[in-house]
Participant: 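The structure follows.
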Amino acid sequence: MKSAILILWPSFIVGGVGEVMFFTVFDPQELYLFGEATSLSRLAVYSIGFFLCWAFAAASSAFTVFLARTAKEVDR
């Protein structure tokens, strides 16, 4: 449980900050996917963007927790 908290909470914060920074520069209605404009609403694009930022930040945090294991934890 402690590992999940160490991974998910910081990645949630970073995901939110990443989304704010990204969508400050780019308008969701002007994004293109495979050469065509997206047909999704702004709210859908914001939601997808947040979850993608959160997933990348969670992967980074999980890798950090994985590398921070002690020798005893690895040998178990």
Participant: Could you state the interatomic distance from CG (D75) to OG1 (T70), rounded to the nearest 0.5 Å?
Facilitator: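 Result: 8.5 Å between the selected atoms.
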Participant: At what distance, to the nearest 0.5 angstrom, does CG of L40 lie from OG of S47?
Facilitator: 10.0 Å
Participant: To the closest 0.5 Å, what do you measure between CD (E19) and CG (L52)?
Facilitator: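 That separation rounds to 10.0 Å.
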Participant: List the atom of V65, the atom of S3, and the distance in Å for their closest heavy-atom pair.
Facilitator: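 Reported closest heavy-atom pair: CG1-OG, 4.3 Å.
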Participant: If you define the side chain from C-beta out and look only at heavy atoms, does anything of V14 sit under 4.5 Å from F56?
Facilitator: no
Participant: Give a yes or no on whether the backbone of L33 and the side-chain of E36 come within a donor-acceptor separation of less than 3.5 Å.
Facilitator: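 It does not hold such a pair.
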Participant: Looking at side-chain heavy atoms only, is the closest gap between D27 and R42 below 4.5 Å?
Facilitator: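 Counting from C-beta outward, D27 and R42 do come under 4.5 Å.
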Participant: Kindly indicate whether the side chain of L31, heavy atoms from C-beta on, has any atom under 4.5 Å from the side chain of F26.
Facilitator: yes
Participant: Could you grab the distance from atom CZ of F51 to atom CD1 of I48, nearest 0.5 Å is fine?
Facilitator: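 The distance works out to 10.0 Å.
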Participant: Consider only side-chain heavy atoms of I, L, V, M, F, W and Y, link residues closer than 4.5 Å, and tell whether V25 and F22 are in one cluster.
Facilitator: yes
Participant: Give the minimum heavy-atom separation between G15 and A57, together with the two atoms involved.
Facilitator: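 Closest approach of G15 to A57, heavy atoms only: N-CB, 4.4 Å.
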Participant: Checking S11 now: which residues fulfil side chain to side chain donor-acceptor pair (under 3.5 Å) with it, not counting sequence neighbours?
Facilitator: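 Counting only residues at least two positions away or on another chain, S11 forms a side chain to side chain donor-acceptor pair (under 3.5 Å) with W54.
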Participant: What about Y46 and F50, are their ring centers closer than 6.0 Å?
Facilitator: no
Participant: Please list, chain by chain and in numerical order, all residues satisfying side chain to side chain donor-acceptor pair (under 3.5 Å) with R69, sequence neighbours excluded.
Facilitator: none
Participant: Please report the interatomic distance CD1(I7) to NZ(K2), rounded to the nearest 0.5 Å.
Facilitator: 12.0 Å
